[in-house]
Amino acid sequence: MKGFRQPSVLPGFGLTLGFTITYFSLIILMPLIALVIRSTGLGWDGFWAAALDARVLASLRTSFVTALIAAGINVVFGTLIAWVLVRYRFPGRRIFDAMVDLPFALPTAVAGIALTAIYAPNGFVGQLFSPFGWRIAYTPVGITIAMIFIGLPFVVRTIQPILEETSKEVEEASATLGANRFQTISRVLLPSLAPAILTGFALAFARAVGEYGSVIFIAGNIPFVSEIAPLLIVIRLEEYNYAGAAVIATVMLAISFAMLFIINLIQAWSRRRYGYGS
Amino acid sequence: MAAEHRTRRISSPTNEPAWVRWTLILVGLLFMALFLVLPLVAVFSEALRQGIGTYIQSLQSPDALSAIRLTLLVAAIAVPLNVVFGICASWAIAKFEFKGKAFLITLIDLPFSVSPVISGLVYVLLFGAGSVLGPWLKSYGIEILFAVPGIVLATIFVTFPFVARELIPLMQDQGTGDEEAALSLGASGWQTFWRVTLPNIKWGLLYGVLLCNARAMGEFGAVAVVSGKIRGQTTTMPLQVEMFYNEYQGTAAFALASLLALLALVTLVLKSALEWRFGEELAATGRGH
């Protein structure tokens, strides 16, 4: 181990690192390798034939488009909620602050059936729209709503700490230099929040793309219309088409790792530029 | 800040006018009410729609009871294993300097960026028909897939990072000074860990366990793929909720779901209490997730 680690008087390095790596390899690495091996089992042509299948492409499009829209809506309202929670004092603020984490704590299947009950044509909100012939549940709109639910805390919790750190002095300086409040917010505050907002967007998007439990109940799951990619993986598995499932999973994994890479780039860039990471 | 409010309420250059403030607050709270509070209310109102009697009755059905038992069993195995892993990983990462550390931290977060369905799928591919391991284990009478071990494995996969990612930044912040002092005073390695390190990290550890447990009991996608959904045997609470729901047993589905929603509420209350009471000691941890 010479040169591998710096000397220390503390014991247990070999034991804890050994256990960490073994456990990680058994639980995470080995199964992921099994996935890659199985999807390459089809060969190059077979892989692309399965990946470019019309239904697969449609499900990927549904997943990515709805996740993009949901992440976009979350960025707008998540930034607003973070702002309100950090900057303003009002009754019940702490309770609402705690509620932001509800989507982390509420099991996705529970969220799924609850959202369906609300947005179904006879539901609490759904019945407001059904007289106009607008359906929310069992359409891509329903998928988007479930993804908004699941992604909101990622945006709020990424922006909140940065907003808390931002000192009022910057805003005061901007005001003394003659900027009005709108200019201060749009030209001074928002640019310094941009990396956090982008990170929050990417996190909410990545979560929404892979989301399953909260989406499938409200989606309607009509092939080519409201069928998300994770559901198609499950359908392929039920058809015992393991290789087909592995191919969709590999494509999705490749895209989410690319997202992860982009998030890391944004954070590295923001550290250089603003001196903090999120 | 309060003083500033009193003296310069009307035209503070770093504050918005009151009507803007209250409009923003209203929009934010309405959005949260619509997307967060309303689903929670819906769970309980649907569960109690046919009265408290039916509610209690449907929670006592054999299917519901066996689902509750299985969920508790799975969490009781998965959470402690991830606690041991989390403590080991954060000890190695936070107390020592070695090459590849940043990469290891990134790897630990990996399961968060994998779709739950894929987290289940990988075990189907590893142990299912056509794999090498599955039939070999089966010849010794060990069933992984469509049985409890598969559910436990999938749950461990999705809850893998929770404890470690709370402890790593916390222990990095605390450094190695306390441990070095204990060792120099003659404590053994284990004594140092139990008497010095563990008391230092206990609130952060509890925070991680809380989040890990909530996810372990509530996981749906990953478990759905590996469980096979054998009634009374491999259905956890979230899976049983889905089964009831698809069988048009709405009240039974929402009754069981209300227990999971209660778990979520308790988790949130304890988590907030930890943040308010021990905010300083948790300060290094990234909130959320």
Side-chain angles (χ1 to χ4, degrees), chain A residues 4-6 8-13 16-17 19-20 23 27-28 31-32 34-35 38 77 80-81 84 88 90 96 98-99 101-102 105-111 113-115 117-118 148-149 152-153 157 168 171-172 175 181 206 210 212-213 230 233-234 237 242 245-246 249 252-253 256 260, chain B residues 13-14 16 21 24-25 27-29 31-32 35-36 38-39 42-43 46 85 88-89 91-92 95-99 107 110-111 113 115-118 121-126 130 156-157 160 176 179-180 183 189 214 218 220-221 225 238 241-242 245 253 257 260-261 264 267-268 272 287-288:
Chain A
F4 169 62
R5 77 167 169 116
Q6 290 174 16
S8 165
V9 293
L10 296 190
F13 177 72
T16 53
L17 188 70
F19 178 76
T20 300
Y23 188 75
I27 299 285
I28 311 287
L32 282 177
L35 168 74
R38 191 60 77 91
F77 286 94
L80 190 148
I81 289 169
V84 165
Y88 303 149
F90 53 91
F96 275 100
M99 280 294 287
D101 283 331
L102 181 74
L106 192 70
T108 52
V110 178
I113 61 170
L115 289 169
I118 296 167
I148 293 173
F149 171 85
L152 183 67
R157 293 298 188 229
K168 276 242 159 178
E171 290 164 62
E172 283 162 6
R181 190 64 188 145
Y212 177 70
I233 294 178
V234 174
L237 274 178
Y242 287 8
M252 287 189 68
L253 272 186
S256 22
L260 205 67
Chain B
T14 54
E16 292 75 49
R21 252 190 345 254
L24 290 178
I25 291 174
V27 171
L29 295 194
F31 190 83
M32 286 180 71
F35 280 95
L36 302 181
L38 200 57
V43 172
E46 292 284 331
F85 159 74
C88 279
W91 179 270
K95 304 290 181 192
F96 299 91
E97 291 301 326
F98 57 93
K99 280 177 188 155
L107 283 183
L110 194 68
S113 42
S115 167
V117 168
I118 299 177
L121 169 72
V122 291
Y123 289 106
V124 175
L125 298 179
L126 192 61
I156 292 176
F157 187 109
F160 185 82
T176 55
E179 282 80 8
E180 279 161 11
L183 288 169
F220 178 72
V225 170
V241 167
E242 185 204 21
Y245 188 84
L260 289 167
T267 304
L268 281 189
S272 307
R287 294 282 158 77

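By convention in this document, chain letters (A, B, ...) are assigned in the order of the sequence lines, proteins followed by strands, and residues within each chain are numbered from 1. Computed over heavy atoms, backbone and side chain alike; hydrogens, waters and symmetry mates excluded.
- Between chain A and the residues B:Val241, B:Thr176, B:Leu29, the most heavy-atom pairs under 4.5 angstrom are made by B:Leu29.
- Ranked by heavy-atom pairs under 4.5 Å with chain A, the first of B:Leu107, B:Leu183, B:Val225 is B:Leu107.
- If you take CG on B:Leu36 and CD1 on A:Ile148, they are separated by 11.0 Å, rounding to the nearest 0.5 Å.
- Counting heavy-atom pairs closer than 4.5 Å to chain A, the top-ranked of the candidates B:Pro111, B:Gly218, B:Gly221 is B:Gly218.
- No part of A:Ala111 comes within reach of chain B, as not one of its non-hydrogen atoms sits under 4.5 angstrom from that chain.
- The nearest pair of heavy atoms linking A:Ala105 to B:Ala214 is O-CB, 4.4 Å.
- Listed options A:Thr20, A:Ile81, A:Ile113, A:Val234 were ranked by heavy-atom pairs under 4.5 angstrom with chain B; first place goes to A:Ile113.
- Residue A:Pro230 touches chain B through both its backbone and its side chain, counting heavy-atom pairs closer than 4.5 Å.
- Of the atoms belonging to A:Phe96, heavy atoms from both backbone and side chain fall under 4.5 Å from chain B.
- Both the backbone and the side chain of A:Ala98 come within contact range of chain B, with heavy atoms under 4.5 Å apart.
- Counting heavy-atom pairs closer than 4.5 Å to chain A, the top residue among B:Phe98, B:Phe96, B:Tyr245 is B:Phe96.
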Intermediate values then yes/no, side-chain contact (heavy atoms from CB on, under 4.5 Å), B:Arg21 and A:Phe90: CA-CA 10 Å; B:Arg21 252 190 345 254; A:Phe90 53 91; over 6 Å; no
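- By number of non-hydrogen pairs under 4.5 angstrom with chain A, the leading residue of B:Glu242, B:Glu180, B:Met32, B:Glu179 is B:Met32.
- For a residue to count as touching a neighbouring chain, one of its non-hydrogen atoms must lie under 4.5 Å from one of that chain's; by this rule B:Phe157 touches chain A with backbone and side chain alike.
- In terms of modelled atom types and a separation under 3.5 Å, the side chain of A:Tyr242 and the main chain of B:Leu121 share no donor-acceptor contact.
- Heavy atoms closer than 4.5 Å to chain A are found in both the backbone and the side chain of B:Ser113.
- Among B:Leu24, B:Val124, B:Thr267, the residue making the largest number of heavy-atom pairs under 4.5 Å with chain A is B:Leu24.
- The candidate with the highest count of non-hydrogen atom pairs below 4.5 Å against chain B, out of A:Ala34, A:Gly213, A:Ser8, A:Pro11, is A:Pro11.
- Here the straight-line distance linking atom CZ of B:Phe35 with atom CG of A:Leu102 works out to 13.5 Å at 0.5 Å rounding.
- In plain terms, the two heavy atoms of B:Tyr123 and A:Pro31 that are nearest each other are CE2-CG, 3.7 Å.
- Heavy-atom distances place both the backbone and the side chain of B:Pro116 under 4.5 Å from chain A.
- Taking chain B as the reference chain and counting heavy-atom pairs below 4.5 Å, the highest number among A:Leu106, A:Ile27, A:Leu17 is found for A:Ile27.
- Ring orientation note: the planes of A:Phe77 and B:Phe31 are close to parallel, at an angle under 30° on the 30°/60° scale.
- Both the backbone and the side chain of B:Ala257 come within less than 4.5 Å of a heavy atom of chain A.
- Both the backbone and the side chain of B:Phe85 have a heavy atom closer than 4.5 Å to some heavy atom of chain A.
- Taking A:Leu32, A:Leu115, A:Leu80 one by one and counting their heavy-atom pairs under 4.5 Å with chain B, the maximum is reached by A:Leu80.
- Residue B:Glu46 touches chain A through its side chain alone, counting heavy-atom pairs closer than 4.5 Å.
- The nearest pair of heavy atoms linking A:Ala109 to B:Phe220 is CB-CD1, 3.7 Å.
- Taken from CD1 in A:Ile233 to CD1 in B:Ile118, the straight-line distance is 4.5 Å, to the nearest 0.5 Å.
- Residues A:Thr108 and B:Pro238 form no side-chain contact, since every pair of their non-hydrogen atoms from C-beta on lies 4.5 Å or further apart.
- At a 4.5 Å heavy-atom cutoff, the contact between A:Leu237 and chain B is made by side-chain atoms alone.
- The part of B:Leu110 that comes within reach of chain A is its side chain, from C-beta onward, which places non-hydrogen atoms under 4.5 angstrom from that chain.
- B:Pro39 and A:Ala114 get closest at one heavy-atom pair: O-CB, 3.4 Å.
- Closest approach of A:Thr16 to B:Cys88, counting heavy atoms only: CB-O, 3.3 Å.
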